[in-house]
There are 2 protein chains.
Amino acid sequence: MPEEQWTPPPVLLAVDLVILTLRNSRLHVLLVERGVEPYRGARALPGGFLNNSDEGLEEAAHRELREEAGLDASQLHLEQIAAYGEPGRDPRGRIVSVAYLAIAPSLPEPAAGTDAVGASWVPVDDVLCRGIELAFDHYDIVVDGVERARKKLERTALATAFCGSTFTIAELQQVYEAVWGVRLDPRNFYRKVQAVPGFIVETGVSRRTKRGRPARLFRAGKRTVLNPPIMRPNRLPGEGNHE
Amino acid sequence: MPEEQWTPPPVLLAVDLVILTLRNSRLHVLLVERGVEPYRGARALPGGFLNNSDEGLEEAAHRELREEAGLDASQLHLEQIAAYGEPGRDPRGRIVSVAYLAIAPSLPEPAAGTDAVGASWVPVDDVLCRGIELAFDHYDIVVDGVERARKKLERTALATAFCGSTFTIAELQQVYEAVWGVRLDPRNFYRKVQAVPGFIVETGVSRRTKRGRPARLFRAGKRTVLNPPIMRPNRLPGEGNHE
DNA sequence: GCAAAAGTGTTCATCTTACACCCATGA
DNA sequence: TCATGGGTGTAAGATGAACACTTTTGC
């Protein structure tokens with residue numbers, strides 16, 4: 001913090017949301033269609049400006065979550081990704097956006113009660129492969145958000161945020177497979193997650209029915225840091241070099 | 001990004017720096033002493049407001065690095081930590097700060113040619129144990145910055161940013177030990193870092209002198225992501241629960 | 001009974017750890 | 001020569017991948 005008399009230039013602050021969920025075993029992100037210029041017609045992350053000078057950043061994220069995605073703030077994971085402030089990122093002027101990552105459990109609703117036009121769940125793969133054009137620098141933000149989720153699956157209980165209040169181990173495995181984009185051995189995964197103290201706890205009421213033997217139901221434990229961690233399978237030795 | 005006609009409230013944007021370095025095998029952070037209210041006399045992170053509406057966030061971080069710490073922007077690691085924007089974090093008004101983490105190699109100078117009064121390197125342990133009072137929410141920012149560095153040592157070549165252009169494996173080990181606050185077996189560390197392709201490369205000119213057998217000199221390789229990673233020794237099973 | 005999914009046991013390869021030991025230098 | 005730190009070998013234990021096999025359900 002500086003000591004100058006000179007008054008620093010004010011900037012406009014926005015909050016954008018990367019809301020991830022699983023829909024039929026694939027990772028999806030919530031996108032809205034822009035109704036006005038710039039980038040009219042393109043898809044963008046839900047978000048908006050700070051309401052007033054007294055609104056906190058996370059508070060604004062919670063409000064947007066409610067307004068634009070119809071998701072209740074409580075009981076869903078929310079964390080900051082980063083601030084995006086390159087001059088020129090928004091043609092309307094100097095706007096700095098603070099991006100948040102939200103994880104929602106799989107819900108039956110199509111895209112939740114949204115008031116923004118054209119809100120829809122889009123497979124993350126379609127976005128990452130640039131099959132869908134995003135407004136502003138929102139592509140970068142999605143990349144960073146997904147990467148954050150991928151990393152946090154290893155050492156934190158983030159995966160349970162994708163599940164309902166109770167879940168089977170197979171469902172938990174689908175979270176890891178969808179977010180990491182890999183296949184895991186169900187038998188080894190089964191033991192591995194149970195070997196982490198406090199990660200998941202068995203609800204006595206064990207069963208559920210679909211096909212085959214019923215599975216025990218678990219709920220998220222209190223422990224948020226995983227020890228030992230659930231490590232992502234090794235990429236082949238000669239590979240990836242991005243930060 | 002919203003579509004409202006209403007004009008959002010502008011906020012002031014600041015940039016704060018967590019500059020880490022090693023000084024005689026201990027992790028230090030650069031702090032300045034505040035000359036004006038609020039928090040006059042307390043220590044704070046170096047930083048300042050955006051210069052003008054055209055200055056980028058990282059650009060501002062580079063400028064502060066030069067102005068307040070006398071460190072050349074080029075060839076030192078710089079990455080964003082997060083945005084800190086709770087209303088009330090600064091008694092002067094609504095100020096949102098974007099914090100950056102910088103890693104500087106061990107330099108002979110006491111605190112570098114600073115123009116801020118009372119800039120000094122402070123052992124990170126003294127800050128984390130709250131032995132030193134920091135202004136604003138700068139304690140939280142230091143915690144987040146150090147935690148970021150600790151995590152990135154495992155999977156990235158960040159440790160080499162603490163070293164000069166060439167370094168011995170023992171020096172690299174001191175980085176890991178100081179940042180993680182653990183002791184490592186030199187023999188096992190020696191082989192482990194060399195087993196990561198592209199992490200460090202041997203400079204033909206191998207020697208250096210102090211006491212005992214001379215060590216080979218290495219420089220940072222091109223690979224920034226470590227595979228396999230250098231994992232932090234396991235904390236005991238019943239432990240830590242913070243996010 | 002059969003298919004399918006849950007859950008268990010076991011093997012083999014790999015990695016980690018601990019530590020004995022040798023090497024090259026300054027004093 | 002001894003002390004000191006650099007560098008190598010190796011064996012025991014822990015971990016992880018692969019996969020055969022048993023259990024419990026719906027049909």
Out of the candidates A:Leu17, A:Leu45, A:Leu71, only one should pair with A:Glu64 under the side-chain contact (heavy atoms from CB on, under 4.5 Å) rule; please name it. A:Leu17

Taking CE from B:Met231 and P from C:dT17, how many angstroms apart are they, rounded to a whole number? 10 Å

If I take atom CZ in residue A:Arg191 and atom C1' in nucleotide D:dT15, what distance separates them, rounded to the nearest angstrom? 12 Å

Under 4.0 Å, heavy atom to any atom of DNA chain D: which of residues 164-186 of chain A qualify? A:Asp185

Going by side-chain hydrogen bond (donor to acceptor under 3.5 Å, both in side chains), name the residues that satisfy it together with A:Arg213, two or more places apart in sequence or in a different chain. none

Within this structure, what is the CD-to-C1' distance between B:Gln194 and D:dT8, rounded to whole angstrom? 11 Å

For A:Glu58, check salt bridge (charged side-chain N to carboxylate O under 4.0 Å, His left out) against everything at least two apart and list the hits. none

Could you tell me how far apart A:Arg216 (CZ) and C:dG7 (C1') are, to the nearest whole angstrom? 8 Å

Calculate the interatomic distance between A:Lys192 atom NZ and D:dA14 atom P; express it in whole Å. 18 Å

Per-helix bend value, the helix from C:dG1-D:dC27 to C:dA27-D:dT1, C1' rotation axes over five pairs per end, 10° rounding, shows 0°

Who are the side-chain hydrogen bond (donor to acceptor under 3.5 Å, both in side chains) partners of B:Thr166, not counting sequence neighbours? none

What is the distance, rounded to the nearest whole Å, between atom CG of B:Asn188 and atom C1' of D:dA14? 14 Å

Grab the CZ-C1' distance between A:Phe189 and C:dA6 for me, whole Å please. 14 Å

Taking only residues two or more places apart in sequence or in another chain, which ones pass side-chain hydrogen bond (donor to acceptor under 3.5 Å, both in side chains) with A:Glu202? A:Arg216

Rounded to the Å, how far apart are B:Arg232 CZ and C:dT16 P? 16 Å

Looking for any heavy atom pair under 4.0 Å, which part of the strands does A:Arg187 touch: base, sugar-phosphate only, or nothing? base

With sequence neighbours left out, the residues meeting side-chain hydrogen bond (donor to acceptor under 3.5 Å, both in side chains) with B:Asp144 are B:Tyr84

Less than 4.5 Å apart, any side-chain heavy atom of A:Phe199 and any of A:Leu172? yes

Taking only residues two or more places apart in sequence, or in another chain, which ones meet B:Arg43 in a salt bridge (charged side-chain N to carboxylate O under 4.0 Å, His left out)? none

Salt bridge (Lys or Arg N to Asp or Glu O under 4.0 Å) partners of residues 174-190 of chain A, not counting sequence neighbours, each pair once: A:Glu177-A:Arg183, A:Asp185-A:Arg187

Under the ring-ring contact (aromatic ring centres under 6.0 Å, His included) test, which residues partner B:Tyr176, sequence neighbours left out? B:Trp180, B:Phe189

Atom pairs, protein N/O to nucleotides 24-27 of chain D N/O, distance under 3.5 Å:
| from | atom 1 | to | atom 2 | distance (Å) |
| --- | --- | --- | --- | --- |
| D:dT24 | O2 | A:Arg213 | N | 3.3 |
| D:dT25 | OP1 | A:Arg207 | NH1 | 3.2 |
| D:dT25 | OP1 | A:Arg207 | NH2 | 2.8 |

Listed once per pair and sorted, the salt bridge (Lys or Arg N to Asp or Glu O under 4.0 Å) pairs that draw on residues 158-167 of chain A, sequence neighbours left out: none

Is any side-chain N or O of A:Tyr190 closer than 4.0 Å to OP1 or OP2 of C:dT8? yes

